A.B. asks: 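Quick one: the structure is below, questions incoming.
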Amino acid sequence: MDRFTGGSALRTTSRMARDRAKSGRLGFDHDQVLMGRYAIPVLSRLLHLTPGGTFLNSAHRDRVLFWYVHAALWGRFAGSTETILAQDYDSVERSGIDGLIASLERWRGGNLEVRPHDFDGSTRGSRFYPLLYMLTRVHGARDFGSGLELHAEMLGKLASLQVHHIFPKALLYKAGYDRVHVNAVANFCFLTQNANLAIGKRSPEDYFAEAEDKHPGVLASQWIPMDRDLWRVDRYRDFLQARRELLAHAAQSFLAQLRAGAAPAAVAGELRPVAIVADEQDDVRAAQIKAMVEELARLGYAEPALDSEIADPASGRAPAMAEAFWPDGLQPGQGKPVVLELDPEVADLPRLEELGYEVFTSVDALLGYATRRNETAAGDEQEPVAPPPSASSGVHAEFDAAMRSVYDRARSEANYHASYFLSMLAEHGSLATARRLLRSPAVSDGFAALWERGRLDLTVEALVVQPRFGELFTPAETEVARHRLEQFGWSAAVA
């Protein structure tokens with residue numbers, strides 16, 4: 001048998017390892033939380049070499065899973081995968097799971113401890129998002145609305161969960177927090193859809209007390225700090241730090257129990273899968289990226305991995321958490337791997353470039369690049385654009401002044417420097433710039449940034465729907481602007 005591919009027997013044990021061990025014991029039951037995929041062949045090889053092709057007992061299973069979780073958390077296979085696989089296969093054959101754990105400890109310099117700062121990441125692409133999900137599943141975290149544990153057998157017909165922002169996104173953006181902090185892993189928990197809808201955009205100051213009064217202990221079950229001062233939006237950063245400490249303690253405790261083969265009996269049973277339902281309808285960034293992916297597919301480009309952690313092959317650390325990642329290039333086999341990183345201030349861009357990635361920090365820039373590539377391949381043939389409706393020179397001049405005014409106001413009132421927008425104005429003029437933005441399949445970076453700041457009144461779309469500029473645009477263009485604004489909670493009536 002080829003020890004690297006393993007044949008049919010290895011595929012069978014791989015299925016056993018993935019379905020029975022990880023899903024049933026740790027709750028890793030859907031693709032978003034299936035971390036450490038390159039560890040699966042090692043786990044499968046271990047089972048293949050174990051008499052009976054399965055775990056010796058529950059303690060043996062738990063020690064194997066201890067290794068699996070830590071190998072995934074620390075990027076064991078981020079470097080030369082074949083080399084690391086060969087090393088781990090040798091450890092398995094010589095010393096079984098004890099050899100694997102010892103090898104991992106040596107590689108980590110003896111440090112396999114989960115610490116609060118490990119939960120500093122943001123978005124569901126972080127390595128520690130699956131760990132949060134695991135803790136929710138194995139520790140009996142409870143729903144804020146019903147008070148029930150988040151197990152399929154407990155929830156019955158409610159057995160689908162949503163990722164819940166503890167501090168609502170709109171509340172945090174309004175208070176001036178940036179996207180990295182808004183989408184911090186420590187601001188996530190899991191709730192039933194009913195509970196998530198009932199909470200809506202309420203402040204934790206409001207709904208925490210209500211949930212705890214109805215279901216005592218429910219907050220602690222989700223690692224919520226009980227200091228009520230931390231439930232205020234102005235103490236949000238302190239709340240994150242306190243919750244990271246609680247999460248790290250819970251993770252370290254559970255993993256230590258796995259290693260000892262002494263995990264609590266209350267969580268030793270098999271966990272039935274639950275469904276995770278996306279709840280991003282009001283998130284303009286999610287809508288922007290979805291539209292971008294659809295447009296790139298229309299242009300013939302590959303589908304990316306979303307919310308993807310980029311691992312450094314030398315150290316295993318993550319220099320970026322990409323909103324979208326094309327590991328084989330926009331078109332497989334052509335060009336460099338492509339990374340879309342919308343939070344460049346928290347990414348190591350020089351290291352990404354050193355590793356050979358082509359990095360974009362703007363959806364506008366990436367779409368523009370892809371469109372130009374297609375136009376070049378097609379011999380610069382461009383789809384004709386209908387001329388704008390005729391209008392008086394006075395209205396043109398007024399619109400030009402309004403477009404430049406929104407740039408100035410965005411900078412002074414919302415601390416947003418729309419440099420790309422300014423360059424478009426210089427190159428194309430106000431009316432052509434507006435029409436280009438309306439024709440784009442995705443909302444612009446500027447629209448998304450102003451939405452995060454609660455200032456959609458400063459968008460081009462908000463100008464287009466004003467009656468005084470109606471003669472400049474077709475009804476279809478005006479409808480595009482109106483739809484975008486209404487989709488994300490703004491209308492001319494509130495201007």
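Computation of the quantities below employed the complete heavy-atom set of this structure, encompassing side-chain atoms and omitting hydrogens, waters and symmetry-equivalent molecules. Predicted model only: the values in this text are computed from it and were never measured. The first residue of the sequence shown is numbered 1, and numbering continues consecutively from there.
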A.B. asks: If the test is side-chain contact (heavy atoms from CB on, under 4.5 Å), which one of V339, D343, T361 qualifies with E323?
C.D. replies: D343
A.B. asks: State, without any angle test, whether N187 and H165 hold a side-chain donor-acceptor pair at a distance under 3.5 Å.
C.D. replies: no
A.B. asks: Does E205 form a salt bridge (charged side-chain N to carboxylate O under 4.0 Å, His left out) with R232? I'd like the steps, not just the answer.
C.D. replies: CA-CA 6 Å; E205 278 189 282; R232 303 197 318 260; 5.1 Å; no
A.B. asks: Is F325 close to L306 at the side-chain level, that is, under 4.5 Å between some pair of heavy atoms?
C.D. replies: no
A.B. asks: Quick one: do E486 and R482 make a salt bridge, cutoff under 4.0 Å?
C.D. replies: no
A.B. asks: Any chance NE2 of H249 has more than 12 other-residue heavy atoms, nucleotides or ligands included, within less than 6.0 Å?
C.D. replies: no
A.B. asks: Does D178 reach the main-chain N or O of H181 with its side chain, forming a donor-acceptor pair under 3.5 Å?
C.D. replies: yes
A.B. asks: Hey, could you give me the CG/CZ distance between L450 and R409, rounded to the nearest 0.5 Å?
C.D. replies: 10.5 Å
A.B. asks: Can you see whether Y301 engages N374 through a side-chain donor-acceptor pair at a distance of less than 3.5 angstrom?
C.D. replies: yes
A.B. asks: Please name the pair of heavy atoms, one in L230 and one in F167, separated by the smallest distance, quoted to 0.1 Å.
C.D. replies: O-CZ, 3.6 Å
A.B. asks: Please report the closest heavy-atom contact between M424 and T433, naming both atoms and the distance.
C.D. replies: O-OG1, 3.1 Å
A.B. asks: Dump the intermediate steps for side-chain contact (heavy atoms from CB on, under 4.5 Å) on L431 and R435, then the final yes or no.
C.D. replies: CA-CA 6 Å; L431 186 57; R435 289 168 62 82; 4.1 Å; yes
A.B. asks: Do Y133 and F188 have ring centroids that are under 6.0 Å from one another?
C.D. replies: no
A.B. asks: Ignoring hydrogens and geometry beyond distance, is a side-chain donor-acceptor pair present between R285 and Q288 at under 3.5 Å?
C.D. replies: yes
A.B. asks: Find out whether the Lys NZ or Arg CZ of R243 is both under 6.0 angstrom from the six-membered ring centre of W223 and within 45° of the ring's axis.
C.D. replies: no
A.B. asks: Indicate yes or no for a side-chain donor-acceptor contact from Y207 to the backbone of I166 under 3.5 Å, with no hydrogens or angles considered.
C.D. replies: yes
A.B. asks: Using 0.5 Å steps for rounding, measure from the CD atom of Q162 to the CD atom of Q193.
C.D. replies: 4.5 Å
A.B. asks: Under a 4.5 Å cut-off applied to non-hydrogen side-chain atoms, are I289 and L342 in contact?
C.D. replies: yes
A.B. asks: For F119, does its backbone N or O pair with a side-chain atom of R244 as donor and acceptor, under 3.5 Å?
C.D. replies: yes
A.B. asks: For the backbone of G333 and the side chain of D328, can you confirm whether one donor and one acceptor N or O come within less than 3.5 Å of each other?
C.D. replies: no
A.B. asks: Taking side chain as C-beta onward, heavy atoms only, is W107 less than 4.5 Å from L112?
C.D. replies: no
A.B. asks: To the nearest 0.5 Å, tell me how far L150 CG sits from R142 CZ.
C.D. replies: 10.0 Å
A.B. asks: Looking only at heavy atoms, what is the nearest atom pair of A322 and E341, with distance?
C.D. replies: N-OE1, 4.0 Å
A.B. asks: Has S440 got a side-chain atom pairing as donor or acceptor with R436's backbone, closer than 3.5 angstrom?
C.D. replies: no
A.B. asks: Say whether, by atom type as modelled, one donor and one acceptor occur between the side chain of E113 and the main chain of Q252 under 3.5 angstrom.
C.D. replies: no
A.B. asks: For A414, does its backbone N or O pair with a side-chain atom of R455 as donor and acceptor, under 3.5 Å?
C.D. replies: no
A.B. asks: Using a 4.5 Å cut-off on heavy atoms from C-beta on, say whether the side chain of P204 contacts that of P168.
C.D. replies: yes
A.B. asks: Rounded to the nearest 0.5 Å, what's the gap from CZ on F208 to CD on Q222? Could you check?
C.D. replies: 9.0 Å
A.B. asks: CD of E303: more than 12 outside heavy atoms within 6.0 angstrom?
C.D. replies: no
A.B. asks: Got D307 and Y129 here, is their nearest side-chain heavy-atom distance under 4.5 Å?
C.D. replies: no
A.B. asks: Are F190 and L132 close enough that some pair of their side-chain heavy atoms sits under 4.5 Å apart?
C.D. replies: yes
A.B. asks: Taking the inter-plane angle between the rings of F254 and H139 on a 0 to 90° scale, is it parallel (under 30°), tilted (30 to 60°) or perpendicular (over 60°)?
C.D. replies: perpendicular
A.B. asks: What distance separates D408 CG from M403 CE, expressed to the nearest 0.5 Å?
C.D. replies: 12.5 Å
A.B. asks: Indicate yes or no: does R115 engage D118 in a salt bridge with an N to O separation below 4.0 Å.
C.D. replies: no
A.B. asks: Calculate, to the nearest 0.5 Å, the distance between atoms CG and CG belonging to L472 and D400 respectively.
C.D. replies: 11.0 Å
A.B. asks: Measure from the ring center of W451 to the ring center of Y173 and say whether it is less than 6.0 Å.
C.D. replies: yes
A.B. asks: In the structure I gave you, are the side-chain heavy atoms of I84 and Y38 within less than 4.5 Å of one another anywhere?
C.D. replies: no
A.B. asks: Show the numbers, then the answer: is there a side-chain contact (heavy atoms from CB on, under 4.5 Å) between L171 and S203?
C.D. replies: CA-CA 8 Å; L171 184 68; S203 166; 4.0 Å; yes
A.B. asks: Test side-chain contact (heavy atoms from CB on, under 4.5 Å) on W326 and L296; report intermediate values, then the result.
C.D. replies: CA-CA 12 Å; W326 292 261; L296 290 176; 3.5 Å; yes
A.B. asks: Ring-plane angle category for F469 and F399, please: parallel below 30°, perpendicular beyond 60°, tilted otherwise.
C.D. replies: perpendicular
A.B. asks: May I ask you to test the Y416-R411 pair for a side-chain heavy-atom distance under 4.5 Å?
C.D. replies: no
A.B. asks: Should the heavy atoms of other residues, nucleotides or ligands under 6.0 Å from CZ of R202 be counted, would the total exceed 12?
C.D. replies: yes
A.B. asks: Can you check whether W231's main-chain N or O pairs, donor with acceptor, with R235's side chain at less than 3.5 Å?
C.D. replies: no
A.B. asks: How far apart are the C-alpha atoms of L255 and H70, what are their side-chain angles, what is the distance that settles it, and do they pass the side-chain contact (heavy atoms from CB on, under 4.5 Å) test?
C.D. replies: CA-CA 9 Å; L255 290 169; H70 276 293; 3.7 Å; yes
A.B. asks: When you measure from the side chain of Y369 to the backbone of D364, do you find a donor-acceptor pair of N or O atoms at a distance under 3.5 Å?
C.D. replies: no
A.B. asks: Provide the closest heavy-atom pair for F488 versus L456 in the form atom of the first, atom of the second, distance.
C.D. replies: O-CD1, 3.8 Å
A.B. asks: Shortest non-hydrogen contact from E295 to L367?
C.D. replies: CG-CD2, 3.9 Å
A.B. asks: Over all heavy atoms of both residues, which pair between A209 and R228 is shortest? Give the atoms and the distance, please.
C.D. replies: CB-NH1, 3.7 Å
A.B. asks: Ignoring hydrogens and geometry beyond distance, is a side-chain donor-acceptor pair present between D143 and T192 at under 3.5 Å?
C.D. replies: yes
